[in-house]
Every structure is written in C-alpha cells, then in structure tokens.
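Lettering follows sequence order; numbering is per chain, from 1.
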Amino acid sequence: MSKVIDYASALPPLPAPDYLHDGTGLRSWLLTVDHKRIAVLYMISLTFFFMVGGIAALLIRLQLLSPNSTLMEAETYNRMFTTHGVIMVFFFLVPSIPAVIGNFIVPLQVGARDMAFPRINLLSWYLYVIGGLITLYAIISGGVDTGWTFYTPYSSLYANSKVVPTVIGIFISGFSSILTGLNFVVTIHTMRAPGLTWGRLPLMLWSLYATSIIFILGTPVIAITLALVGVERVFHLGIFDPKMGGDPVLFQHLFWFYSHPAVYIMILPSMGVVSDIIACFSRKRIFGYGFVAASSIAIAVLSFLVWGHHMFVAGESVYSAMIFSFLSFFVAIPSAIKVFNWTATLYRGSISFETPMLYALGFIGLFTMGGLTGLMLATLAVDVHVHDTYFIIAHFHYIMVGGAVMGYLGAIHYWWPKITGKMYPDIWGRVSAFIIFIGFNLTFFPQFILGYLGMPRRYYTYPEEFQMLNVFSTAGASILGVGYLMPLVYLLWSLKYGKPAGPNPWGATTLEWKVSSPPPKHNFASIPLVTEEAYDYTKEPTNAA
Amino acid sequence: MNTSLQLIPDQASTTAARTDALFLFILAVSVFFTLLIAGLVIYFSLRYRRKSPDERPKPILGSLKLELAWTFLPLALVMIMFSWGAIIFFSNSRPPADAMEIYVIGKQWMWKFQHPEGPREINTLHVPVNRPVKLLMTSEDVIHDLFIPAFRIKHDVVPGRMLTQWFTATKVGEYHLFCSQYCGMQHANMNGKVIVMEEADYQKWLTGAETGSSAADAGEKLFLKYGCALCHSSRAPTMAGLFASTVKLADGSTVKADESYLRQSILQPRAQVVAGYSADLMPSFAGQLSEEQIMQLLAYIKSQKEVAATSQAANNSQKEGDSPSQAVSNSQKEGDSPSQAVSNSQKEGDSPSQAVSNSQKEGASPSQSVVKSQKEVASPSPAVSKSQKEVAATSPAATGNESP
Amino acid sequence: MMNLDSTAPRGPQLPAASVPSDLLTDHNSTSVAAYWLIFFALMLLLGLTVLAAHWNLGALSLLIALLIAGLKAALVVWYFMHVRFASKLTRLFSVAALAWLALLMGLTFSDYLSRGWIVGTGK
Amino acid sequence: MPHSNHPTRNPHLAEQFETLAQQREAGTLGMWIFLATEVMFFGGLFTAYAVYRHRMPQGFQLASGEYLKETWGSINTAVLLGSSLSVALAVHAAQHGMRKLLVWLLAITLLLGGAFLLIKAHEYQLEYHEGVIPTLRFTYDGPHANEVFVFMSFYFTLTGLHALHMLIGLALWLVMLIRAWRGHFSAAYYAPIEIMGLYWHFVDIIWIFLFPLLYLVR
Ligand code: HEA
Ligand code: HEA
Ligand code: CUA
Ligand SMILES: [Cu+2]
C-alpha cells in the first residue's frame, strides 16, 4: 500500500492543473486516457451526430408539410427517416448520457481517480467514432432505406441501398457500448471510495449500473443479428429468406431482444439524472431512495422479457403475444414507482428553478405522457389499431425526446459548471427550456391524433385529411429546432465569457462537487472517505466560491 | 370520409367500437394520472418554492405504505387493461367458421384481392356489409401489412406464410386501406380503399366485375416470349398432358409431374432430366423469371390438358406440400443481387397462389375444405367459370403455406 | 445487494489482506494431478457423447448431447476457470449470461412452439 | 500523477487503483463480464440455430450425417480440450513462478490451437470439394436441398466465428509467450496469463457445445 499524499489539505492553489489544462494540443486529447477528456470527446462527437439526425428530422417535417409534397422523392424520404432513426438511436441517444455524463462523473461519484480500464475507455470512443464514420459514409454514398429496424427480408434481399456498411457501423459502435458498460460495472463494483456503500450510492450510479447490465447482455445480440443481415446480403445464407424456408420473423425476435431493452438504455440514465437534480434543487433526500434504486435494476431485468410487444401483429403466435403483453405491463410498474417518488420528493422541499430543474420537471410530465401511451400500446387490441402509425411515433418521441433528450439537456446544464468550470447565463437556459417544452408538445401531440386516425408511419405522402395536424407538427418542429440551437450558442459563449463556477454552484452533495471545477487530472488527491448518507442536504451549502 | 378535423376515425366494423371503448378507458386512466402528477408537481413547486437561500428542509425518508399503494394500485389498473385487451384480441384472432374468404397478395407495391367467386381486384376491395370476411394473406416479396383504420384491424403479410385477419363491416361506405409495414420505395403508395356495399349491391358487383385475363393466358405469352415454345415443340418434351402425369427420368426413376417438379424443371433443369432427352440442352431460368411469372407458366402448363383432370389437379397440388420445393439456385441468384426492381407490373390476370410451401400435413389444414367449397359454388355463368377453375387449381398452393 | 460487493467499504489505510480471501484466485490449491484428472474426465465425456450419438435414441439424443456438453462446460468453468474459488460476484456474472440466454431462447420458443395453435389462421 | 513516481508504488499497479488486489479483481471481473457478452453474442446464433433445427429436422440430420466429418470433429474436440489443459497448467506454472514451464506450456497451447485450425481448414477444404459451401460452391440438389443449405450456413457461420475467436486467442497467446520468455511474469504478477486463460477456456466451451450441435445431429 502506497502512502497517499493529501494534496487537498495542502495550501491553495492546487499544484495539479485541472484536466482541461493538463496538456494541450490535439495529441493530448486524442490519446488521452483521462475519463473526463474522453467524456468531452464524446460530447463533441455526439453533438455532431445530433445535428445530423436533427437536420434529417427537420427535412422529414418539411416534406410532410403538405400531403403531396415534391420536396423529396420516395427514395430520398425513405433514406431520410432511416438516417434520422439510425443516427438518433445508435449514435446519439444510446450513448448520450452514459458516454458523456457517465464517463465524466462515474469515477468522480464513486470517488476514484479514473475508470477501471482507462485505455479501454478511450478505445470505446474510437470504436464509436469509427462506427459513426462508416455509417455516415453509408448515408452519404447512397443512403440506407430500411428503417432503423432493418426488417428482413427487405433489408437482407430487397433493399437497394447501403445496408452492409450501415450494419458494420452499428456493429462496431455496439462494441463501444459494451465496453462502456463493462467499464461502469467494474468501476462501480471495485472502485468505490471507502464508506460509499451501495445504500449511499447516488441514484445516477444506480441507473448507470442498470443501464450497463443492458449494454452488456443486450448489445451482443443486436451485433450478431445485424452481422447476420450483412452476411446474408453478401453470402446469402438463407437464414432470413422465406424462399429457403427461412423465417423473417426470427429477425424481429432477435432485433427486439436488444432493441426493446435499448429503449431503457435511453431512459434509465435520464431517470438517474432527474433523481440527482430533483434532490439537489429541492434540497431533499429522494423520497423512497431504496425503491427508486431498486426500480432501476427491476427495469433493467424486466426489460428483457417484453420484446414481443413490437410484434403483436407481425405473425408471432397469439399465445406468445398474450405473454408479451402481460409482461409488458410489469415493466411499467417500476417506472411508475419512480415518477411517484420524484413527485413526493418535492413535498415540503425547498424548491428552486434553475435550468436543470426545469428540464427535470419537464421530464416528469413528458415521460409520464409517453409512458402512459406505452400502456395503450402494450394493450393487445389497441396496439392492433395503432401499430406502425404515428401513434407509435408520438409515443416514443414523447419518451425519447420529451424524456431522454430533456434528461440529457438537464444533465448537460447541471454538470456544465463542473465540466468546464464556467456558469452559463441561467436566464437563457430557462427561456430555451421553455421554448423546447412548447415546441416539443406542438410537434408531437398532434401525432397521437394522427396515429389514432390511422396515418401510417414511414409515409412520404399521405391522404389530404391528415394535413392540418401535420402542419401543426411541422410548426412545432421549427420551434423545437430553435430551442435546441439556443443552448448550443449560450453554452459555447459561456466557455469564454461565463463566470467561474466554483466547486459546487448548486450546493449538491455527491462527491464530484467536492473537487474543484474543472476537476484536477486525477480527480482526488487522496481517496475520500464517505460518511454521509446519499443526498444529505441538511448541512450548510459547501460552495465557497 | 370527412375532411374536417376528426379525433376518432370512422367506426365501421364490429371491433371498432370495442377497441375504441378500451382505448377510451386507458385514455381516462392516463389523463387522470397525467393530471395528478402534473397537478402535484405544479402545486408543490409553488407551495414549497425556495424562499430563502439557507432553507434546509427536513429530510423525509419515505413511506412504505405509500410505496405499496403506488405499486399495487397501478398494477391492478394495468391488469384490467391487459385482460380487456387480451379478450378482444383473442376473440379477434379466431374468424367465424362461416366467414367469406378473400385471398390477399401483397407485393411491392400493390394489393391484389381474389374473391372466391372469381373477380380479382387491385388496391380496391369490395366487401358486403354485415358479413364476416376472412382475409387469407401472403406476400410475394417482403413483409407488408394490411391496415384498415376504420375497421381497427391490421396484420402483417409475411412472405412464405399464409396469415389471416377478419372483420365484419357494419357501415356502407369507402374507407382507407394502407400498407403499414415499411416495404420499400413506394410503401406510401401501397394503399387503396375498401368499399363496403349492401349485400345485393355486392352480388350485382360480383357478376358485373371484370375478371381479367387468366394466369394461364399470361403464362402462354411468357412461354412464347422466353422461347420455351421453340424447343418444346420439337427438341423437348411436349407440355400437353404433362401436369399430373408420371414422368420417366433419365436415371430410370419416375416422378409425378406436380407443381414443384414443374417448378424445378424450369429453375434447375439438370436436377431431374427426362429420359431420352439431352441433359444440358435446356437452360436454367432461375433468376430470370419472377415468382409470379413462374406461377403463370405453371398455370399455362397445367392448362395444357383435358378439363376433366381439374379435380385431380387440385388433389395434386395438395400433395405438393409433401416435397418441399427446391428452389435453391433460384433464391441464391436473387440473393446475390439484392434488387427491388422486380417491377413486373402485371396489373391483372395473375393467380393468387405463390408456391412457398412447407410441409403441410394432408388433411390437417382447413384449406382443403376451402378448395372444395369453392368448387361447389362453381359455374353460375360461363363468364366466371374459367377463373373459378383456376382458383380451385391454384389456391391450395397458396393455402399450404403455413409452416407448423 | 450489499453482500455481492466484495471490496467496499474499504478503508484507505486497510492493507490489501483485508480483501476477503475468497476473491483471490491464487489462494486456490488445485494440484497438477487434479487438472489432469479433469482432462481425462472431459475426454471420457467426449467419448460418451460420440457413443450416445450412434446409439439411436431419437428425440432423446439431443437432450443427452446437451447434458453431456453442459457437464463438460461445468467442469471447465468450475475447475479450469477457478470459479470454485471465485467471489460470489464472479459467480453471479458467470450464471447471469446463461440465465439471459435462457430468456432469449425461452421466450422466442414461446412463439415458435405455439404457432398454428389457432387452426386456420396461420398464427 | 501523484502516484506513479512514488518510490513504494508497485510498477505493475496502474494509477487508478489503490492496491494490486483491487486491480486484479477488476481485471478478473472485467473478463468475466466480457465473457458474458460473448455468451450472448454466440447466444443469438444459437437461438437462430435452435429455431431452424426445430423447423427443419430432416435436412439438419441429413446434412450433419452426410457432410460433417465426425471423426475430425471428435479429434478436434480432443485437441481443444488438450489445449485447455495446457492453459490450466500454464496458469498453475505462472502462479508458482515457473518461467520455463510456463513458456513450454504456452508453446504447447499455441501448437494445439494451431492444429485445431489446420484440421478445421482441412474440413472446410473437403466440404468445398463436396460442394456444400453455401453460395461459394453449393452443388447439392438432392432431397431437402434448402434445408441442407441452411444447415451448412449455420455450420460455417458458427464454426467460422469460433475460428475467429481462436485466431484472436492465438495471437494474444503469442504475445503472452514472448512476455513470459522475457520474464515479465512472476508469482506476484501473472494476472494477464490468468485472464487470457479465462478467455481461452471460454472458446473451448463454445466448441464443447458446437461439436454435438453440429456434428452429432441425430
Ligand atoms: C426511451 C424509450 C422508450 C421507453 C422508456 C418506452 C417505454 C414503454 N414502451 Fe415504448 N417504444 C419506444 C421507446 C420507448 N418506450 C420506441 C422507440 C418504440 C417504437 C420502435 C419502432 O417500432 O420503431 C416503442 C414502441 C412500443 C411498443 C410497440 C408498439 C408497436 O409498434 O405496435 C409498445 C407496446 O407495448 C411499447 C410499450 C411501452 C411501455 C409499456 C413502456 C413503459 O416502460 C412505460 C412505463 C411508464 C409509465 C407507465 C409512466 C409513468 C407512470 C405513471 C405516471 C403512473 C401511472 C401508471 C400506471 C397507471 C401504470 N412501446
Ligand atoms: C432518439 C431519438 C430521436 C430524436 C431525438 C428524434 C427527434 C425528432 N424526430 Fe424522430 N424518430 C426517431 C428517433 C428520434 N427522433 C426514430 C427512432 C424514428 C423512427 C425511424 C424509422 O421509422 O425507422 C423517428 C421517426 C420520426 C418521424 C417519423 C418519420 C416517418 O415515420 O415517416 C418524425 C416525423 O415527424 C420524426 C420527427 C422528429 C423531430 C421533429 C425531432 C426533433 O426533436 C428534432 C429536433 C432537432 C433539431 C431540429 C436539430 C437542432 C439542430 C439544428 C436546427 C441545427 C441546424 C444546424 C446547422 C444547419 C448547422 N421522427
Ligand atoms: Cu407494402 Cu408497405
Ligand atoms: Cu418495446
């Protein structure tokens, strides 16, 4: 056991430079193994991919402005929503919070100097970027038109587009997910600071742990499944080819075995963020901490039991459909538990409304709506009607954009002072949160009605009676676009002009706020000793700055 | 269909109202919880907003009672949703025995309907009101999905399988019909309408509807176009009386000339060579003919024989299920060059069958009785009788798709 | 949950030895002879599985083949991979994957095995 | 870097860890988690295989009986089990700091692994001549031709993926061999050997299942 030098008790200023200034130049970034720098690399690349996906979304909405729009041909439109779905899911939302925020704060919150495997961490960023570039290449050099779901035999035999490079890209980025999950699990298990028992873990870590379980056990299945599609296209294995006696529905089983749990990959981290933010801005311990923590694990496990609810009318057997419907309702319960506990946390709190809190509150409302419409989809007879209509589109955008993206933005705003050491202008944050909320609802609420009226998804042209609602939706999307651009502007602005944040601008209790902002290279000069329960807000705020 | 803003689509089938009732129930529960949560969040936010920067509220650890309440109350509610939904779904999964049967083929990018009485339609489906209608659906290429919003029904149409859905229309009118499973370029245009008619009008329509040229006629054209006739009038065996006969092969064995044999003869001529003929004269047509064209050629070849053999034909094709079709090289070729440009747009005259057979156990499937009943209705007028024969001869192949 | 965790709480000044010893795979005492023994058992099972395959058992043969393979795998995992000395956590992960695979297969087969139960619908 | 230059700090201890035990535990746990992902990776294929075996029993039986070389398969299983033994012994040798023995055992492992791949290649070659390699050379058109085709597809996908894992394993063993040769390992530090061993045994286990599932379909 080496002797620990306690820099924290040494005289200020700290001798160690913060991680942003410890080495400059491209090399020091591209070859870094510091989890914080890797997080920043992720943040930049994810923002880029979000832009690409968002521009595709805007083009989709523009096309749908009128029923017989000539903006895009059928082929172009099909490539557009595939690009949108693939980029948003695999290259933005799945990695979003884990890779950016998780990479940044997991070691800080467990009280460690880095991840358990820093080099693997860097490798996972490279895998992500390589996968993303290959997919971008596919999109630019001809595009993919299978939808993000790659259903066979269309994708394996009929599609006349760049399916193979796309699946290779997703395959590679899948390993990035796996390695990130692996790193989190090992780090959380073996590197917690002394005294930081499971019962004291911030809820963010619980949900990242749950997310990692899905990364580890689900991602390999999508990898092999998409690999099979690629191999089938190139070598023709016959596995998904009905002419060879193959069963195209098998693909759907394998696809959703990952892709349903994947939707919880997208939402669980946001739930963790919301838990941390709500506790911080109401200065209260999360109500029912144990239940909120356990429900994360419950969601992760149950999420693997329900994938067949995407296939109720796909030709799976009636009995199987009933089993999957039944199980689907159980996964709603832990989500409900979380929502109720967050609400109860506000009770008798001391609530303030800085930007992160606005996102967290917005999350609660929109996630609830998205989740409750999920119940309608899990109900067999209703799903028969709304399957593959805009009702589905509305359901998942409510959860993924209204929920997960809100959570991501909330997290960015919450940890921005820690990551950069600078404060952004809070008023602009509030305004943009408000605009996003309005734009979002205007975009996606009409789609519930459209869907129930029967407008199928993936249509570049549609019957005229659906136009009015589509116009609302497109109008909303423009507002939403503006809302998303604003943070980009004022956050970048704050890098240069923002006020120094100090170690703990929000008066939060988790460990990352106990080091300076931005944190020094190896986080803690000496490994901290944790003696407090989680979210102990009874003490005086600690931000001296 | 009205163009003003509607919130709920027409209710034009027996299940529509039932589905909507369930939907409204869940909607009510959802609205309640949304308002409850939103209301509480807003109320607490106002009531407990921070009044001074050094407020330190007392921590509340939790409450087991509350936790149990908001675990089990929602659980009870969702169990109601599940049971209600499952009941409707289950009863909708079982078509009434007396349902009228219509064959549906989805292909990129059109719907083809084949009425039992003969008429074929494309992208438009005429049905009588108040009579249960069962759709027997298969696809020629990729997965499609037949969706009729006004009836609240929808089901995927999967190649290689014969799947069903049914409805009883309750309101005369015209309704949308959509393909709602993404199926390639013109997915958005793979739609049409359902026309629900009074029974009498429907009967009138049936007799008046044009039945189009038959598959056999189309097959004859192909037989000429692809040069089959060149050889098969001199250097190669004749087609007359070939179907259902027993063929002697070069290796001394014999084989029954059923559909899969014919199919293989076209796609892999070297697999089974007719005794007395050159083994490598006939080229393989694998990859050159679409499934549909092969079907038409088969229909043509089958038609080259005495009408008396029709009933035997039906039996024969029934047996087809016993020997799984062996189109290896065919689909292999197709796989090498994935292309969706199989746009052979025969607008009419093709038969609904698509021999994608797996092992159908004889007699185990209801399709046989379907065939029989179709034959029984036969020949009210000479105009339709031709196509009826064809339905009788080909539909078993179409119904024999479902793998166990 | 808490007892799954092997290291925390770990005091900063605690010596390494305070880590529960069953974590450390080098505290095992598998002898060279034992490894050989396992190897021979594995070879025996290999012979057995080939033998069983030639013995016409119909549907049972798959079950027997899988049972023998499972036994072989268990021997490798338990002795060669030292799971018998491993922490509870490691054991948990070594079975978790199997449990998940069972989920994948089980629920997939809930579809395939019940297809066609409703006669005449193809579903 | 507050620690790396500290005189008492073990050179094998990475900066982020406090103790060697912690580091080692993290490594082992990491490898087990990785193996769990591998189980699911192959698991997707095994599931597909199971579905098709259920749908096409005759074709699978026929293809397995006719075209897979049971004898070579058995020999290969034995070879691979042998390499597992040599790895187990190598880990044992490493634990006890027996450098020479370790080098020898790793060499044997490499040999056995190489032999496995050679035999596999030989089988592939035979199958090529028999014309049962889907798409590349498939001439079989007897009964159940489609099903034989699909079975052979599974056979090549599964064994191919397994062979790929073997190749990766052998490359890593080579690195270990060189490191062992240079005396990088000692009774106090041999975690890489141990962790590689886990990987190798896992690849062996996959084969233990592949063998009856592919070669012995009855
Ligand atoms: C982050 C993403 C995310 C999340 C978290 C969810 C969550 C849920 N989803 Fe969703 N879903 C998607 C993303 C997501 N979904 C996507 C992308 C698709 C379409 C894929 C495609 O086809 O392209 C989809 C499709 C989809 C379908 C298939 C529809 C179809 O194609 O026909 C179904 C069916 O059951 C479903 C159900 C559910 C359920 C029951 C939940 C539950 O987990 C929701 C639980 C939450 C709540 C219930 C709200 C909170 C609770 C309360 C406020 C208390 C009151 C509660 C009760 C009364 C129970 N989803
Ligand atoms: C993770 C998730 C995610 C996110 C964040 C979004 C975000 C959005 N989505 Fe998307 N969506 C999906 C996941 C997501 N979507 C998926 C999985 C599908 C299914 C695909 C399929 O069927 O296969 C889908 C499908 C889908 C459809 C249905 C297409 C169809 O079926 O035909 C529509 C239609 O309105 C839509 C709209 C939108 C809109 C308006 C947004 C908005 O929220 C986007 C807002 C963002 C911006 C507007 C970008 C802001 C940036 C700029 C404006 C930058 C401009 C900058 C420069 C020029 C430098 N989405
Ligand atoms: Cu056919 Cu969509
Ligand atoms: Cu789902």
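- For A:S282, the part sitting under 4.5 Å from any heavy atom of chain B is the backbone (N, CA, C, O) and nothing else.
- Centroid-to-centroid, the aromatic rings of A:F363 and A:F367 come within less than 6.0 Å.
- A:I333 touches chain B through its side chain: at least one heavy atom from C-beta onward sits under 4.5 Å away, while N, CA, C and O do not.
- Using a 4.5 Å cut-off between heavy atoms, A:Y460 contacts chain B through both its backbone and its side chain.
- When each of A:A378, A:S325, A:G349, A:A336 is scored by its heavy-atom pairs under 4.5 Å with chain B, the top score falls to A:G349.
- Looking at A:T345, neither its backbone nor its side chain comes within 4.5 Å of chain B, counting heavy atoms on both sides.
- For A:R79, no part lies under 4.5 angstrom from a heavy atom of chain B.
- Contacts of A:I286 with chain B are made by backbone atoms alone, with heavy-atom separations under 4.5 Å and no side-chain atom involved.
- For A:F81 and B:Y182, the gap between ring centers is short of 6.0 Å.
- Residue contact with chain B, scored on non-hydrogen atoms closer than 4.5 Å, involves the side chain of A:Y151 exclusively.
- In terms of heavy-atom proximity, A:Q63 sits nearest to A:M72 at OE1-N, 2.8 Å.
- For the side-chain contact (heavy atoms from CB on, under 4.5 Å) criterion with B:V41, the lone passing option out of A:T368, A:V339, A:T343 is A:T343.
- A:F448 and A:Y452 have their aromatic ring centers separated by at least 6.0 angstrom.
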